[in-house]
Participant: 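One structure is given below, represented as structure tokens, and several questions about it will come after.
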Amino acid sequence: MSNSSSITEFLLLAFADTRELQLLHFWLFLGIYLAALLGNGLIITAIACDHHLHTPMYFFLLDLSLLDLGSISTTVPKAMANSLWDTRAISYPGCAAQAFLFLFLMSAEYFFFCEIPQILKLACSDAYLREVGVMHFRNDCINLDLRRGRERVDAVAHTGVDTASKIP
């Protein structure tokens, strides 16, 4: 007879021990969840139905709404079910699925709203450079780099003189 065990479920930390507070948490989570569903659903419907809103800004707003719906739908329903049924267990596959979906949606949100704006800034600056002229921009960059280099040399020289004067 071998001594082995396997994990089939995790126990979650309860929000409250009393039944009344658990029901209060359920109704609070239900209200927040329904408000998020209604708000994001209205945004998605408005953007999908109105062809004047098919612009890049509203595309990103649509993406944000979809990602918000996905991220709130991975964790809140399980928390509501645990509060309503007075349970604290979550299965191992359910926990893994929740963690994977939540991390995937949060990383997608980070990519869409932290990395893509940087790419858009580069695209806009590229269009600006084509419009204004590359040579004017290059001259300004060279002058700025030379000014920064002179400031660094002055700072190092000043620090060396200042340090040498303090040595006894």
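Nothing fancy with the numbering, it's 1 onward along the sequence.
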Participant: Taking only residues two or more places apart in sequence or in another chain, which ones pass side-chain contact (heavy atoms from CB on, under 4.5 Å) with L34?
Facilitator: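 Counting only residues at least two positions away or on another chain, L34 forms a side-chain contact (heavy atoms from CB on, under 4.5 Å) with L30, L37.
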Participant: Below 4.5 Å, heavy atoms only, C-beta onward: do I90 and Q98 meet side chain to side chain?
Facilitator: yes
Participant: Between M80 and L84, is any pair of side-chain heavy atoms under 4.5 Å apart?
Facilitator: no
Participant: Applying side-chain hydrogen bond (donor to acceptor under 3.5 Å, both in side chains), can you list everything that pairs with T45, at least two apart in sequence or on another chain?
Facilitator: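 T45 satisfies side-chain hydrogen bond (donor to acceptor under 3.5 Å, both in side chains) with no residue once adjacent residues are dropped.
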Participant: Mind checking what makes ring pair (Phe, Tyr, Trp, His ring centres under 6.0 Å) contact with F26, not counting sequence neighbours?
Facilitator: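 Expected list: none.
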Participant: Please name all residues satisfying ring pair (Phe, Tyr, Trp, His ring centres under 6.0 Å) with H52, sequence neighbours left out, ordered by chain then number.
Facilitator: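 With sequence neighbours excluded, H52 shows a ring pair (Phe, Tyr, Trp, His ring centres under 6.0 Å) to no residue whatsoever.
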Participant: Show me, pair by pair, the donor-acceptor contacts under 3.5 angstrom made by side chains of residues 54-68, not counting sequence neighbours?
Facilitator:
from : atom 1 : to  : atom 2 : distance (Å)
H54  : NE2    : I47 : O      : 3.0
S65  : OG     : L61 : O      : 3.2
D68  : OD2    : N40 : ND2    : 2.8

Participant: What's the spacing between R88 CZ and Q22 CD if we round to 0.5 Å?
Facilitator: 9.5 Å
Participant: Return the set of residues passing side-chain contact (heavy atoms from CB on, under 4.5 Å) with A48 (not counting sequence neighbours), or none when no residue passes.
Facilitator: none
Participant: Quick one: list whatever passes side-chain hydrogen bond (donor to acceptor under 3.5 Å, both in side chains) with E109, sequence neighbours left out.
Facilitator: none
Participant: Quick check for you: to the nearest 0.5 Å, what is the distance between I72 atom CD1 and F102 atom CZ?
Facilitator: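 I72 atom CD1 to F102 atom CZ measures 10.0 Å (nearest 0.5 Å).
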Participant: Enumerate the residue pairs fulfilling ring pair (Phe, Tyr, Trp, His ring centres under 6.0 Å) with a member in residues 69-96, sequence neighbours excluded, ordered by first and then second residue.
Facilitator: F10-Y92
Participant: Sorted by first residue and then second, give each side-chain hydrogen bond (donor to acceptor under 3.5 Å, both in side chains) pair with at least one member in residues 27-37; sequence neighbours left out.
Facilitator: Y33-S73
Participant: Other members of the hydrophobic cluster containing F100, with the 4.5 Å side-chain heavy-atom rule, please.
Facilitator: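 So far as hydrophobic clustering goes, F100 is joined with L101.
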Participant: Quick one: CG on D86 to CZ on R19, what's the gap to the nearest 0.5 Å?
Facilitator: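 Nearest 0.5 Å value for the CG-CZ distance: 5.0 Å.
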